[in-house]
Amino acid sequence: MNKVKVIIISHHHIPFGSSDDEFEHYYAKSLKPLVTSLYKTPSLVLVMHCSGVLLEWIEKHHPELFMILEELINRKQIELLGGGYYEPVFPLISMTDKIGQIELLTTYIRKHFGKRPRGCWLPGLFWEQNYASMLTTCGIDYAFVEDTSFFPDEVEPISSHIFLTEDQGKLSTLIPVRSITSKEEAITHLAKGKEILKHHPSEDLVISLHIDTNSSNEEVAAHFETLFAYIVKESDFYELTLPLKLLKQNILPIKTYITGKNLRKSLVIHPEANDIYGKMTYVHTLVNQLRGDKARKKNAREELWKAQGIDVFYLDPDKGIQNNKLRKTTYRSLIEAEKITREKGVFIPSTLTFDVNFDGKEEYVIQGSDINCYISQLGASIFELDYLPAAYNYIDTYHIQEDRCIKPCKRTSFVEYLSPAGSSLHEILSDSQHRNRFLGSEWFYEESVNRSQNTVSFRIDGVKTEPFGAIGLSKQYALKKNTLTVIYTLLNNGKETERFTFLPQIELSFMDFSTKAYQLYVNRGGNKQELDLDILDLRNIDCIIYKDCKNDVSITLKSVMPFDAWQYPVFSPQSVYQSTCVLPIIEVLLTPGEHWETSFQLSFEKA
């Protein structure tokens with residue numbers, strides 16, 4: 001009777017941009033105990049994958065681990081997997097970036113451990129059919145794929161074979177793997193394989209288990225040791241092996257084509273993830289257009305690759321787009337890559353129109369020397385505002401979707417409310433009686449684009465079905481160096497006098513809600529005063545000043561005359577800071593045919 005060939009895989013990764021403390025904690029609790037346990041027990045074998053991000057950190061802070069890993073590889077106890085260097089979101093990036101990231105990690109492993117990896121770890125275990133030709137191009141013989149991809153109709157599939165697939169005439173071996181979060185679950189799964197073996201004793205059966213070291217609450221080394229001990233105890237039925245050894249045996253794989261999971265669902269569910277994807281695609285185009293300077297192109301591409309990590313796109317809310325730090329790290333790398341593509345002394349400010357986020361509508365990108373401003377026709381609002389000297393997007397915010405929402409929505413800047421005069425903030429934001437008109441949900445049309453002056457104007461004439469529907473609005477964005485100016489013109493197109501409160505909404509996203517992250521000041525009559533971050537009412541002020549302490553940037557919001565405003569932090573979900581919202585409060589009275597104008601300036605200055 002044959003034995004069930006068992007492959008145990010451990011995958012190790014910390015997202016790019018994580019702190020040294022986060023790396024150190026993971027190293028001490030997960031990676032070091034496992035490697036130490038393997039070193040002490042030569043009979044145990046393991047497939048291991050470490051992302052390039054993690055390996056680079058280990059090389060710098062714990063180079064002694066490299067010596068142990070090299071010895072384990074020479075003992076044939078460990079088989080190191082290759083993959084994308086920055087744990088990239090393979091389904092969403094170009095083929096050239098996929099190949100580039102795989103080759104970068106392959107080169108790193110070959111340089112430091114003397115052997116080229118023949119297997120590949122696919123981040124998230126996602127699969128698309130064109131990966132077969134990609135892996136062959138990279139010299140990769142096999143890859144692990146989630147077992148449910150092979151048997152999508154089965155609730156508890158038992159994958160006991162290896163498979164062969166093809167793309168463009170190039171073949172790749174796929175090994176189904178089950179992700180396990182506890183040793184009990186692993187043993188239960190192995191027991192099912194044992195039952196199959198009893199009924200089919202002559203078959204070549206293979207079971208691969210990925211032990212999720214991030215999900216387990218147990219001490220990692222003990223977790224693996226218990227599983228290994230069970231396999232040794234049941235050695236009449238199980239045999240620990242490694243993929244390269246297995247593939248050298250005369251085992252005939254089963255031909256298949258699979259579609260795998262669809263990671264793109266994240267782009268539909270979360271507009272914020274879709275915005276990052278759009279930005280990533282745009283920056284990829286800029287990097288590819290670089291000519292004549294290989295070093296600059298290499299540096300720009302590496303910054304782009306840092307931003308392609310899969311972590312921010314996970315559907316799991318605990319580690320996906322809701323993670324503030326992940327989003328901000330991703331935007332920082334994308335902005336740095338874009339900065340590198342700009343040739344010093346040659347860049348000319350411009351205004352571009354194209355579908356940035358693939359929603360079927362053109363967006364407007366005003367590019368300045370210090371600021372990039374991305375404007376949507378929905379609400380004629382800003383959904384990305386990059387201050388390039390700090391490589392920071394100040395409208396990077398997440399908005400949790402409510403169950404009653406027909407379609408996903410997101411928080412943007414310079415969207416407006418028209419509310420009954422004297423409304424409270426609670427009445428405006430809750431709007432239980434539908435007395436407000438929120439222009440952020442209305443489509444504006446382009447009025448004019450002046451590319452030489454870097455200005456874009458939008459207009460909406462009114463919506464009769466909405467409160468204050470007779471009010472038309474023109475909005476002009478003008479960008480000059482470090483200042484964005486927004487000019488509003490309101491017109492009463494109706495036959496009745498309209499009295500209402502006009503409230504532009506400005507979002508500014510800082511690193512967190514604390515005085516270590518940012519500070520709040522107001523200026524009244526030339527006197528600058530610091531205020532508590534959670535103060536709500538600001539009265540008769542000349543300007544609001546936010547000091548971004550993390551990036552050392554001062555942000556000033558001012559109008560043509562003193563104004564009142566509400567300002568408050570936004571949390572979504574409840575415990576996670578996303579942004580600080582400012583709502584200037586302006587009372588307006590318009591007779592039929594009358595128009596009224598005001599403007600706001602948002603200025604950035606790096607110390």
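Numbers for residues simply follow the sequence, beginning at 1.
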**OP:** List the steps, then state whether side chain to side chain donor-acceptor pair (under 3.5 Å) holds for Glu185 with Thr181.
**Re:** CA-CA 7 Å; Glu185 186 182 356; Thr181 58; 3.2 Å; yes
Answer yes if the side chains of [X] and [Y] hold a donor-acceptor pair under 3.5 Å, and no otherwise.
| X | Y | answer |
| --- | --- | --- |
| His399 | Gln578 | no |
| Tyr108 | Glu56 | no |
| Ser51 | His49 | no |
| Ser94 | Thr96 | yes |
| Thr341 | Glu338 | no |
| His11 | Glu87 | yes |
| Asp21 | His25 | no |
| Glu22 | Tyr27 | no |
| His270 | Glu272 | no |

Keeping the roles fixed (side chain from [X], backbone from [Y]), state whether a donor-acceptor pair exists under 3.5 Å.
| X | Y | answer |
| --- | --- | --- |
| Asp97 | Ile93 | no |
| Thr285 | Thr281 | yes |
| Asp355 | Asp359 | yes |
| Ser149 | Val145 | no |
| Ser266 | Tyr314 | no |
| Lys339 | Leu388 | yes |
| Thr330 | Leu326 | yes |
| Arg75 | Tyr39 | yes |
| Lys550 | Tyr518 | no |
| Ser579 | Val570 | no |

If every non-hydrogen atom of [X] is compared with every non-hydrogen atom of [Y], which pair is closest and at what distance?
| X | Y | answer |
| --- | --- | --- |
| Ala307 | Ser333 | CB-CB, 3.8 Å |
| Ile400 | Gln322 | CD1-NE2, 4.5 Å |
| Ile109 | Gly82 | CD1-CA, 4.2 Å |
| Leu105 | Leu55 | CD1-CD1, 4.0 Å |
| Lys516 | Cys549 | O-CB, 3.2 Å |
| Phe23 | Ser18 | CE1-O, 3.5 Å |

Original post:
How about Phe513 and Phe571: are their ring centres within less than 6.0 Å of each other?
Top reply: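 Yes: the rings meet the under 6.0 Å criterion.
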Original post:
What about His13 and Trp121, are their ring centers closer than 6.0 Å?
Top reply: no
Original post:
Looking at CD1 of Ile276 and CZ of Phe313, how far apart are the two atoms once the value is rounded to the nearest 0.5 Å?
Top reply: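 Separation between the atoms: 5.5 Å.
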**OP:** Quick one: pull up CG in Leu304 and OH in Tyr282 and give me the separation to the nearest 0.5 Å.
**Re:** 13.0 Å
Ignoring hydrogens and angles, write down the donor-acceptor pairs under 3.5 Å from the side chains of residues 122-130, residues two or more places apart or on other chains.
{"unit_1": "Trp127", "atom_1": "NE1", "unit_2": "Gln129", "atom_2": "OE1", "d": "3.4"}
{"unit_1": "Glu128", "atom_1": "OE2", "unit_2": "Arg264", "atom_2": "NH1", "d": "2.6"}
{"unit_1": "Gln129", "atom_1": "OE1", "unit_2": "Ile258", "atom_2": "N", "d": "3.4"}
{"unit_1": "Gln129", "atom_1": "NE2", "unit_2": "Thr165", "atom_2": "OG1", "d": "2.5"}
{"unit_1": "Gln129", "atom_1": "NE2", "unit_2": "Glu166", "atom_2": "O", "d": "2.9"}

Original post:
Going by the angle between their ring planes, with limits at 30° and 60°, are Phe66 and His112 parallel, tilted or perpendicular?
Top reply: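 Taking His112 first and then Phe66, their aromatic rings stand perpendicular (interplane angle over 60°).
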Subject >> Derivation and outcome, side-chain contact (heavy atoms from CB on, under 4.5 Å), residues Leu209 and His189 >> reply: CA-CA 9 Å; Leu209 299 176; His189 195 68; 3.5 Å; yes
**OP:** Under the side-chain contact (heavy atoms from CB on, under 4.5 Å) rule, what do Ile211 and Ser10 come out as? Steps first, then yes or no, please.
**Re:** CA-CA 6 Å; Ile211 311 301; Ser10 69; 5.5 Å; no
Original post:
Looking at Tyr331, is Lys279 sitting on its ring face, NZ or CZ under 6.0 Å from the six-membered ring centre and within 45 degrees of the normal?
Top reply: no
**OP:** Could you walk me through whether Trp305 and His284 pass ring pair (Phe, Tyr, Trp, His ring centres under 6.0 Å), step by step?
**Re:** CA-CA 9 Å; Trp305 287 353; His284 168 81; 9.9 Å; no
Can you find a heavy atom in the side chain of [X] that is under 4.5 Å from one in the side chain of [Y]?
| X | Y | value |
| --- | --- | --- |
| Pro117 | Thr106 | yes |
| Ser172 | Tyr131 | no |
| Leu164 | Leu174 | no |
| Phe224 | Thr41 | no |
| Phe144 | Glu146 | no |

Using the test side chain to side chain contact (heavy atoms under 4.5 Å, CB included), find all partners of [X] that sit at least two apart in sequence or belong to another chain.
| X | answer |
| --- | --- |
| Asn551 | Arg332, Ala390, Tyr392, Tyr394, Asp548, Val553 |
| Lys194 | Lys198, Glu234, Phe237, Tyr238 |
| Leu247 | Tyr142, Ile162, Thr173 |

Original post:
Would Asp275 and Lys410 satisfy salt bridge (charged side-chain N to carboxylate O under 4.0 Å, His left out), going step by step from the backbone distance to the final call?
Top reply: CA-CA 10 Å; Asp275 286 346; Lys410 59 188 176 184; 2.8 Å; yes
Original post:
Does the pair Gln308 and Tyr277 meet the rule for a side chain to side chain donor-acceptor pair (under 3.5 Å), with working shown?
Top reply: CA-CA 9 Å; Gln308 292 176 340; Tyr277 169 57; over 6 Å; no
**OP:** Begin with the C-alpha distance, continue with both residues' side-chain angles, and end with the deciding distance and a verdict on side-chain contact (heavy atoms from CB on, under 4.5 Å) for Glu239 and Val4.
**Re:** CA-CA 6 Å; Glu239 176 189 339; Val4 179; over 6 Å; no
Original post:
For Lys245, does the NZ atom sit with more than 12 other heavy atoms under 6.0 Å from it, leaving out its own atoms?
Top reply: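 Not more than 12 within 6.0 Å, no.
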Subject >> Enclosure of Gln168 CD (heavy-atom neighbours >12, cutoff 6.0 Å) >> reply: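 Open.
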Subject >> Intermediate values then yes/no, side-chain contact (heavy atoms from CB on, under 4.5 Å), Ile175 and Val177 >> reply: CA-CA 6 Å; Ile175 304 176; Val177 61; 5.9 Å; no
Original post:
Sequence neighbours excluded, which residues qualify as side chain to side chain donor-acceptor pair (under 3.5 Å) partners of Lys306?
Top reply: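 Once residues adjacent in sequence are excluded, the partners of Lys306 under the side chain to side chain donor-acceptor pair (under 3.5 Å) criterion are Glu303.
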**OP:** Name all residues meeting the side chain to side chain donor-acceptor pair (under 3.5 Å) criterion together with Arg342; count only those two or more places apart in sequence or in a different chain, and write none if there are none.
**Re:** Asn372
